[in-house]
Amino acid sequence: MGIEYQLQYNVCAAAICMVILWMYFTQKKTKEVHNVIFMALVICTMVAALVNIPGTLDKLDPEFLPRAVQILVDYLHACLLNLPPVLFAFYAVTVVRGSIRNVKWYWKLMLLVPQTIVLLLWLTNPLTGWLFDYTERGSFYHGPMQPILYVVAFYYVVVGVGYVLLEKKHSNRRIKISVCAYMGISCLATLLQYFFPALLLRHIGMAIGELIVFLNLQKPDEYLDSELKIYNRKVFEKIVNLNLEAGKGMNVFVLQIENLNFIVQNFGVENRTKVLIQVAEFMDRISQQNTYYFNDGLFVIMQPENKKMGAYQARVRARFAQMWQLDDGDILLNYKMMQYAIPQDVKNLKELYFCHSAFTKLTADGNHEVDIKSIDLQKAERRIKVTQIIRHAIVNDYFQMYYQPIYSVAKGRMVSAEALIRLIDPEEGFIPPDEFIPIAEENGMILQIGSMILEKVFRFIKEWDIRKLGLEYIEINLSVVQCMQKEMSEMILQMLKQYNIEKEMVNLEITETAMVDSPTVVMQNMQDLYQEGVSWSLDDFGTGYSNISAMASWPLTIIKFDKTLVDMVSGHEKGSEIIRSAVNMVKKMGYKIVAEGVEQESQLEIMKQAEVDYIQGYYFSKPLPEEQFIAYIKEKNGIEG
């Protein structure tokens with residue numbers, strides 16, 4: 001009685017492979033080597049399962065197929081049966097390392113030598129019959145070397161899994177689980193079929209293993225932007241790293257949409273998404289699906305180094321000269337673009353992100369272009385580093401408050417101080433305020449820093465009971481971003497109540513920039529606090545931005561003359577007259593005056609003669625840490641204890 005082969009397993013295997021291929025070809029995918037190998041692996045398994053059906057039927061009935069067709073089918077199936085483990089090993093290596101080029105030489109030998117031996121066995125089999133042959137009556141039988149095919153197949157599966165497990169730096173947990181699952185299922189199915197030939201489980205075992213790999217490692221969600229359906233930054237990073245490791249250069253084209261915030265504020269978030277989808281479709285079309293989306297309207301096209309990028313600029317200009325659709329109309333988009341080469345202009349991913357960060361802040365020329373040569377990568381690197389330092393400082397409280405005393409000309413003693421934030425990182429040391437504050441303002445971290453400053457200063461006022469030191473109030477600088485927050489006045493009043501501080505003991509400093517950027521919100525905040533008894537100072541007067549008529553409408557108490565104006569008394573022949581005129585004008589408006597940056601006795605005397613109310617500067621003291629400041633004030637104001 002002959003063997004009753006279970007052909008339904010081959011049918012199921014072919015069906016699973018067809019489903020995988022359908023999902024594979026209907027989703028967007030990168031053009032990486034491992035994707036091509038995976039497709040070949042699935043096709044090979046599917047064809048082997050299908051070819052095995054007539055081959056098996058022929059074994060049951062030698063007359064089922066003509067002799068020539070029978071031999072062709074047997075050879076084809078035998079070859080295809082041995083290929084999936086080989087392809088799996090190459091897939092495992094490339095999904096980890098991206099390319100065989102990046103694999104060490106001994107791994108290449110391990111991948112190539114066994115299959116070369118098998119290939120020689122196949123080529124010589126018609127003469128030797130070592131793998132399989134036919135009896136005189138045409139019946140198929142296995143040759144003495146047939147078990148080698150199983151050994152080699154098992155070897156390649158083990159090599160693939162072993163490579164993934166050993167390359168810990170480049171493989172993640174999901175890759176490890178997927179390849180181990182493939183090995184376990186395919187090896188178990190092969191062993192069962194070896195001992196129970198009627199159970200044709202080998203193909204379905206491989207198909208199930210491939211399905212697991214597909215669902216875990218070939219998912220489009222990982223490398224596609226969920227809204228725009230184009231590649232994301234994650235896959236961009238991967239491809240750049242792989243190309244750099246393989247020594248391949250790339251050309252990159254960058255496009256940024258600049259008026260997205262305007263669209264959100266005037267037309268809503270939905271229209272922002274709608275515009276980005278249109279731009280994504282356009283960019284993906286002209287780049288032949290080689291566009292990547294980072295964030296905030298930044299699109300990147302990457303091509304091999306032998307492909308020029310000039311055509312993209314022309315097509316972008318032509319398209320962006322036209323309107324883009326919104327729900328209730330059309331809009332022109334503001335944009336800028338740039339191109340560069342890797343590694344000629346940008347050497348690695350780190351520099352690339354420095355480059356993109358700087359690009360977003362630069363102004364394009366009349367053709368909407370930014371020249372890569374205009375970007376200072378070292379400056380961009382420093383900017384990103386300082387951003388990281390600020391984040392760590394907020395979490396770990398690396399900020400310290402320094403206080404610079406303010407001298408009253410009328411009272412002849414120190415009556416106030418300006419609170420100044422200092423960032424001292426454990427590794428980088430002192431980070432100047434004029435470096436970290438603009439960065440913090442741009443990324444919104446200044447709000448957290450501003451809250452920390454208020455907390456620290458209010459605690460200082462409360463703990464030291466500053467009036468016993470002869471101090472009347474402490475000046476606190478507010479950033480532009482803080483002043484633009486609608487809830488700012490309420491938050492400050494709550495904190496004053498929390499620390500039980502009299503409102504007259506706080507003076508808030510503001511620059512004219514804050515008043516100009518969002519006048520309605522800032523004015524409301526100032527009025528709310530002023531009515532509660534909190535006074536205001538205008539900082540940086542004399543820097544060329546102050547609008548006297550506008551200044552008169554704001555609830556200010558003190559005007560602070562900037563150091564550049566004070567320096568005029570010693571660097572300008574008519575400096576003293578200018579100072580006196582400025583003081584006279586400001587005082588007629590009812591304001592008190594603080595002269596900042598006084599460093600010389602001659603400057604001090606001129607300020608006194610001009611009837612400036614308060615003096616601040618290195619002539620008296622530089623900004624001091626809390627305890628040093630207290631000691632200084634006690635000494636200068638004659639406070640005992």
Side-chain angles (χ1 to χ4, degrees), residues 225-230 232-233 253-286 291-301 312-313 315-338 353 355-371 374-375 380 383 387 438-447 479-488 511-525 545 547 550:
D225 183 87
S226 58
E227 287 186 332
L228 307 188
K229 305 304 178 186
I230 61 175
N232 59 24
R233 187 169 76 174
F253 175 83
V254 186
L255 170 77
Q256 184 179 32
I257 312 303
E258 297 193 289
N259 54 337
L260 290 178
N261 288 337
F262 173 82
I263 294 173
V264 172
Q265 292 170 5
N266 293 276
F267 303 100
V269 176
E270 297 80 7
N271 276 296
R272 176 186 185 274
T273 303
K274 184 172 184 177
V275 165
L276 286 176
I277 290 173
Q278 294 175 65
V279 176
E281 290 173 350
F282 165 73
M283 294 293 286
D284 215 29
R285 184 170 63 254
I286 68 172
T291 297
Y292 307 81
Y293 184 67
F294 280 41
N295 50 36
D296 298 329
L298 190 69
F299 295 85
V300 179
I301 294 175
Y312 295 128
Q313 292 177 309
R315 296 188 68 173
V316 165
R317 284 196 197 96
R319 177 61 186 89
F320 277 76
Q322 304 171 33
M323 295 288 194
W324 300 82
Q325 292 181 353
L326 300 177
D327 286 338
D328 299 318
D330 297 333
I331 190 172
L332 277 174
L333 294 180
N334 297 335
Y335 70 98
K336 61 187 174 191
M337 53 188 174
M338 174 179 69
Y353 286 121
C355 175
H356 286 187
S357 176
F359 168 72
T360 60
K361 298 172 179 63
L362 293 178
T363 303
D365 62 19
N367 289 320
H368 301 277
E369 289 184 33
V370 171
D371 189 343
S374 67
I375 293 179
R383 189 178 191 86
T387 301
I439 294 173
E441 286 183 327
E442 285 182 10
N443 56 36
M445 290 189 288
I446 194 66
L447 295 176
S479 74
V480 174
V481 180
Q482 278 179 287
C483 295
M484 293 169 63
Q485 306 304 307
K486 293 181 179 180
E487 67 279 4
M488 185 196 77
T511 63
E512 190 181 6
T513 305
M515 296 190 290
V516 171
D517 284 352
S518 187
T520 304
V521 175
V522 176
M523 173 63 89
Q524 188 63 55
N525 280 324
Y545 298 101
N547 185 314

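Contact annotation: the side chain of His356 never approaches that of Arg233 to less than 4.5 Å [non-hydrogen atoms, C-beta and beyond]. Put simply, the side chain of Gln256 does not reach to within 4.5 Å of the side chain of Val370, judged on heavy atoms. At a threshold of 4.5 Å between non-hydrogen side-chain atoms, the residues Ile263 and Val275 count as touching. Two residues are said to be in side-chain contact when any heavy atoms from C-beta on lie closer than 4.5 Å; Glu442 and Thr387 fail this criterion. Considering only heavy atoms from C-beta on, Asp365 comes within 4.5 Å of Asn367 through its side chain. Two residues are said to be in side-chain contact when any heavy atoms from C-beta on lie closer than 4.5 Å; Met283 and Leu255 meet this criterion.
Here the shortest heavy-atom pairing between Lys336 and Leu362 reads NZ-O, 2.5 Å. Contact detail for Arg315 and Phe282: the closest heavy-atom pair is O-CZ, 3.5 Å. For the residue pair Met488 and Cys483, the shortest heavy atom distance occurs at SD-CA, 3.7 Å. The two residues Leu332 and Phe320 have their closest heavy-atom pair at CD2-O, 3.7 Å. Lys486 and Asn525 get closest at one heavy-atom pair: O-OD1, 3.5 Å. Taking every heavy atom of both residues into account, Val316 and Met337 meet most closely at CG1-SD, 4.1 Å.
Atom CZ of Phe294 and atom CG of Asn232 lie 9.0 Å apart (nearest 0.5 Å). The CD atom of Gln265 sits 12.0 Å away from atom CZ of Arg272, with the distance rounded to the nearest 0.5 Å. Rounded to the nearest 0.5 Å, atoms CD (Gln322) and CG (Leu333) are 11.5 Å apart. Expressed to the nearest 0.5 Å, how far CZ of Arg317 lies from OH of Tyr312 amounts to 15.0 Å. We find the CE-OG distance between Met338 and Ser374 to be 8.0 Å, quoted to the nearest 0.5 Å. Rounded to the nearest 0.5 angstrom, Phe299 CZ and Leu276 CG are separated by 5.0 Å.
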Checklist entry - Does the pair Ile446 and Val480 meet the rule for a side chain to side chain contact (heavy atoms under 4.5 Å, CB included), with working shown? => result CA-CA 9 Å; Ile446 194 66; Val480 174; over 6 Å; no

Next on the checklist: For a side chain to side chain contact (heavy atoms under 4.5 Å, CB included) check, start with the C-alpha distance between Leu447 and Gln485, then their side-chain angles and the critical distance, and finish with the verdict.
Outcome noted: CA-CA 9 Å; Leu447 295 176; Gln485 306 304 307; 3.6 Å; yes

Next on the checklist: Go through it in stages, so that I can follow the logic: the residues are Trp324 and Lys274, the test is side chain to side chain contact (heavy atoms under 4.5 Å, CB included), and I'd like the CA-CA distance, side-chain angles, deciding distance and then a yes or no.
Outcome noted: CA-CA 9 Å; Trp324 300 82; Lys274 184 172 184 177; over 6 Å; no

Next on the checklist: For a side chain to side chain contact (heavy atoms under 4.5 Å, CB included) check, start with the C-alpha distance between Asn259 and Ile331, then their side-chain angles and the critical distance, and finish with the verdict.
Outcome noted: CA-CA 10 Å; Asn259 54 337; Ile331 190 172; 4.3 Å; yes

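None of Leu228, Asp284, Leu298, Val300 except one satisfies the side-chain contact (heavy atoms from CB on, under 4.5 Å) rule with Tyr293; the exception is Leu228.
Looking only at distances, no side-chain donor or acceptor of Lys229 sits under 3.5 Å from a matching main-chain atom of Ala280. At distances below 3.5 Å, not a single donor-acceptor pair connects side-chain atoms of Ser357 with backbone N or O atoms of Tyr353. A distance-only check finds no donor-acceptor pair linking the side chain of Asn334 to the backbone of Glu258 [under 3.5 Å]. Using modelled atom types, no side-chain atom of Asn271 and backbone atom of Leu326 make a donor-acceptor pair closer than 3.5 Å.
Under the side-chain hydrogen bond (donor to acceptor under 3.5 Å, both in side chains) criterion, His368 pairs with no residue at all, not counting sequence neighbours.
Classification of the Phe262-Phe267 ring pair by plane angle, with boundaries at 30° and 60°, yields perpendicular.
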